[in-house]
**Q** 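Below are the structure tokens for one structure; questions will follow.
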Amino acid sequence: MTPNRPYLLRAFFDWIVDNECTPHLVVNAEYPAVQVPTQFVQDGQIVLNISPTAVTQFAMDNHQLSFNARFGGQPMQVYVPIAAVLAIYARENGEGTVFTQEEFPAEDEVLTPEPVESETESAKSETSKKKGSHLRVIK
């Protein structure tokens, strides 16, 4: 199955914002491809305010989140792979969740489409295999 972290992250983000609280992310700043202001990193982690009033051009999908924000008055684009997110919580009351270490597919695995079978190959394989589900995992 695909990792549940991006789905939980979106759900907690929406829940925190809907309750008029300020969502903060704890990010592993040493994770590959993370782009955060290094001057604010402590013990390999950084806490980011991702409130809609604090950031612009916020985008989150199953693989990454990105936004523009100001740090010490300097504008910066922030990029965080979902696997680098360690926790999300509301600043006002600490409600949120901490994510466990889970395996994320390598970036090239995510972007590599599966080969498509021709209709005749598909029909042959379906008649020879009637066991199991008709569903397949799409990466």
**Q** Taking side chain to side chain contact (heavy atoms under 4.5 Å, CB included) as the definition, give me every residue that meets it alongside Ala11, ordered by chain and number, with sequence neighbours left out.
**A** none

**Q** Test side chain to side chain contact (heavy atoms under 4.5 Å, CB included) on Val17 and Phe12 and set out the steps.
**A** CA-CA 8 Å; Val17 171; Phe12 272 97; over 6 Å; no

**Q** Are the ring centres of Phe13 and Phe58 closer than 6.0 Å?
**A** yes

**Q** Among residues at least two apart in sequence or on other chains, which ones pass ring-ring contact (aromatic ring centres under 6.0 Å, His included) with Phe40?
**A** none

**Q** Working to the nearest 0.5 angstrom, can you tell me the gap between Tyr7 OH and Thr2 OG1?
**A** 4.0 Å

**Q** Quick one: side chains of residues 89-97, donor-acceptor pairs under 3.5 Å with protein atoms, not counting sequence neighbours, listed by atom name and distance.
**A**
{"residue": "Arg91", "atom": "NH2", "partner": "Thr22", "partner atom": "OG1", "Å": "3.3"}
{"residue": "Glu92", "atom": "OE1", "partner": "Thr22", "partner atom": "N", "Å": "2.8"}
{"residue": "Glu92", "atom": "OE2", "partner": "Thr22", "partner atom": "N", "Å": "3.3"}
{"residue": "Glu92", "atom": "OE2", "partner": "Thr22", "partner atom": "OG1", "Å": "2.7"}
{"residue": "Asn93", "atom": "OD1", "partner": "Glu95", "partner atom": "N", "Å": "2.9"}

**Q** Supply the atom-to-atom distance Asn68 CG to Thr56 OG1, rounded to the nearest 0.5 angstrom.
**A** 4.5 Å

**Q** With sequence neighbours excluded, tell me which residues meet side chain to side chain contact (heavy atoms under 4.5 Å, CB included) with Asp61.
**A** His63, Gln64

**Q** Check the hydrophobic clustering (I, L, V, M, F, W, Y; side-chain heavy atoms under 4.5 Å; chains of links allowed) and say if Ile16 and Phe99 are grouped together.
**A** yes

**Q** Following the transitive rule for hydrophobic clusters with a side-chain heavy-atom cut-off under 4.5 Å over Ile, Leu, Val, Met, Phe, Trp and Tyr, establish whether Val85 and Met76 coincide in one cluster.
**A** yes

**Q** To the nearest 0.5 Å, how far apart are CD in Glu30 and CD1 in Ile46?
**A** 12.0 Å

**Q** Around Gln39, counting heavy atoms of other residues, nucleotides and ligands shown, do more than 12 lie under 6.0 Å from its CD?
**A** yes

**Q** Do you know which two heavy atoms are closest between Pro81 and Pro32, and how far apart they sit?
**A** CG-O, 3.6 Å

**Q** How far does OG of Ser66 sit from CD of Gln35, to the nearest 0.5 angstrom?
**A** 9.5 Å

**Q** Could you tell me if the side chain of Leu25 sits less than 4.5 Å from the side chain of Val80, heavy atoms only?
**A** no

**Q** Using the test ring-ring contact (aromatic ring centres under 6.0 Å, His included), find all partners of Phe67 that sit at least two apart in sequence or belong to another chain.
**A** none

**Q** Who are the side chain to side chain contact (heavy atoms under 4.5 Å, CB included) partners of Gln45, not counting sequence neighbours?
**A** Val26, Leu86

**Q** Does Glu20, at its CD atom, have more than 12 non-hydrogen atoms belonging to other residues, nucleotides or ligands within less than 6.0 Å?
**A** no

**Q** Please answer: with hydrophobic residues joined when any side-chain heavy atoms are less than 4.5 Å apart, are Val47 and Tyr31 in the same cluster?
**A** no

**Q** What distance separates Asp18 CG from Asp14 CG, expressed to the nearest 0.5 Å?
**A** 6.0 Å

**Q** Quick one: CG on Leu9 to CG on Leu65, what's the gap to the nearest 0.5 Å?
**A** 6.5 Å

